Q: 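Dropping the structure in here first, questions after.
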Amino acid sequence: MEKERTLVLIKPDGVIRNLVGKIIMRFEDAGLKIIGMKMVWADEEFARKHYRDDLDEKYKDVEKKFGRNVRNELVKYLKEGPVIAIVFEGVDAINVARKITGSTYPNESLPGTIRGDFSHISKNFANENNLMVRNLIHASGNEEDAKIEIPLWFSEKEMHSYKTVYDMICFEGE
Ligand code: ADP
């Protein structure tokens, strides 16, 4: 089994709330390795490449019931300010990063997760009050998403191969 890579974005609300350090710490503490990191202010075209049209299908019920297009709102949210984009590498990194991130809706996210500890809005409150679900962070949902998202945000040259102390202790065979 190979180590995995996953894309994490600290969304504009995480950056303007000065939570960048605290958020990155959660992933580093779990032993995930930063192999690429930068600050990017996405434009419309780039944000639409990240939030792809499959989201229209996923959120079609919200559109039908509340007349809101979640994908369009998300694109606007992502463009509000600079984001911190990070590629983390590790064993089962995609699932582990999702676990550290918490559920999509912060009110359902457990304490100890980033969304659970730093936000609390619910899906219903957002839908009924026409609000964005500001949940601080994006983490690739699965292998397929990670394969699309990582090359969108990072070139091969922007990712680095090196050993952490964690690698030396946990991942080197006898
Ligand atoms: P996740 O970010 O947990 O992988 P999705 O990719 O399905 O979840 O959704 C992308 C983002 O859309 C969520 O992180 C959240 O910011 C936003 N979102 C989800 N549902 C709603 C909603 N009903 N109203 C507004 N924003 C929403």
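When a residue number appears, it is its place in the shown sequence, counting from 1. Predicted model only: the values in this text are computed from it and were never measured. Both ligands and their constituent atoms are indexed starting at 1 by order of listing.
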Q: Report yes if Tyr51 has an N/O atom closer than 3.5 Å to an N/O atom of ligand 1; otherwise report no.
A: no
Q: I'd like to check whether Val70 has a polar contact with ligand 1, where a contact means an N/O of the residue lying under 3.5 Å from an N/O of the ligand.
A: no
Q: With a 4.0 Å cut-off on heavy atoms, is Thr101 in contact with ligand 1?
A: no
Q: At under 4.0 Å between heavy atoms, is it the side chain or the backbone of Val133 that contacts ligand 1, or both, or neither?
A: both
Q: Taking distance alone, with no angle check, do Ser103 and ligand 1 share an N/O pair under 3.5 Å?
A: no
Q: Starting at CZ of Phe46, measure out to CH2 of Trp153 and round the result to the nearest 0.5 Å.
A: 4.5 Å
Q: Can you tell me which residue and heavy atom of the protein come closest to atom 2 (O) of ligand 1, and the distance to 0.1 Å?
A: Arg115 NH2, 3.2 Å
Q: Look at the side chain of Asn129 and the backbone N and O of Leu131, then say whether any donor-acceptor pair between them is shorter than 3.5 Å.
A: no
Q: For atom 9 (O) of ligand 1, what is the closest protein heavy atom, and at what distance to 0.1 Å?
A: Tyr59 OH, 3.2 Å
Q: What about Glu73: any of its N or O atoms under 3.5 Å from an N or O on ligand 1?
A: no
Q: Considering only the protein, which heavy-atom contact is closest to atom 23 (N) of ligand 1, and what is its distance?
A: Asn127 OD1, 2.9 Å
Q: Mind checking whether Arg52 has a heavy atom under 4.0 Å from ligand 1?
A: no
Q: Assess whether a salt bridge exists between Arg48 and Glu44, defined as any Lys/Arg side-chain N lying under 4.0 Å from an Asp/Glu carboxylate O.
A: yes
Q: Counting N and O atoms only, with roles assigned by atom type, does the side chain of Ser109 sit under 3.5 Å from a partner on the main chain of Ser103, one being a donor and the other an acceptor?
A: yes
Q: Any Lys/Arg nitrogen of Lys58 or Glu63 sitting under 4.0 Å from an Asp/Glu carboxylate oxygen of the other?
A: no
Q: What's the shortest distance from atom 20 (N) of ligand 1 to any protein heavy atom, and which residue and atom give it?
A: Tyr105 OH, 2.8 Å
Q: Less than 4.5 Å apart, any side-chain heavy atom of Met159 and any of Ile150?
A: yes
Q: Which of the numbered atoms in ligand 1 are under 4.0 angstrom from any heavy atom belonging to Arg98?
A: 1 (P), 3 (O), 4 (O)
Q: Could you check whether Asp117 pairs with Lys22 (Lys NZ or Arg NE/NH1/NH2 to Asp/Glu carboxylate O, under 4.0 Å)?
A: no
Q: Judged by atom type as modelled, is there a donor-acceptor pair below 3.5 Å linking the side chain of Arg71 to the main-chain atoms of Tyr51?
A: yes
Q: Is Arg134 in polar range of ligand 1, meaning some N or O pair under 3.5 Å apart?
A: no
Q: What protein heavy atom lies closest to atom 12 (O) of ligand 1? Include the residue and the distance to one decimal.
A: Leu74 CD1, 3.3 Å
Q: Give the table of side-chain donor-acceptor pairs shorter than 3.5 Å for residues 5-12, with sequence neighbours excluded, one pair per line with atom names and distance.
A:
unit_1 : atom_1 : unit_2 : atom_2 : d
Arg5   : NE     : Glu89  : OE2    : 3.2
Lys11  : NZ     : Asn135 : OD1    : 2.7

Q: Quick check: does His138 get an N/O under 3.5 Å from an N/O on ligand 1?
A: no
Q: Are the side chain of Trp41 and the backbone N or O of Lys79 linked by a donor-acceptor pair below 3.5 Å?
A: yes
Q: Provide the number and element of each atom of ligand 1 under 4.0 Å from a heavy atom of Lys58.
A: 5 (P), 7 (O)
Q: In the protein, what heavy atom is nearest to atom 13 (C) of ligand 1, and what distance, to one decimal place, separates them?
A: Asn135 ND2, 3.5 Å
Q: Below 4.5 Å, heavy atoms only, C-beta onward: do Ile35 and Phe88 meet side chain to side chain?
A: no
Q: Considering both backbone and side-chain atoms of Tyr77, is one of its nitrogen or oxygen atoms within less than 3.5 Å of a nitrogen or oxygen in ligand 1?
A: no
Q: Measure the distance from atom 3 (O) of ligand 1 to every protein heavy atom, then report the residue, atom name and distance (to 0.1 Å) of the closest one.
A: Thr104 OG1, 2.6 Å
Q: Give yes or no for whether the N/O distance cutoff of 3.5 Å, strictly under, is met between Lys123 and ligand 1.
A: no
Q: For ligand 1, which atoms have a heavy atom of Arg68 less than 4.0 angstrom away?
A: 24 (N), 25 (C)
Q: Provide, to 0.1 Å, the distance between atom 17 (C) of ligand 1 and the closest protein heavy atom, together with that atom's residue and name.
A: Met132 CE, 3.6 Å
Q: Would a distance-only check, ignoring hydrogens and angles, find a side-chain to backbone donor-acceptor pair under 3.5 Å from Glu158 to Gly36?
A: no
Q: Could you tell me whether Lys33 and Asp167 have a side-chain N and a carboxylate O separated by less than 4.0 Å?
A: yes
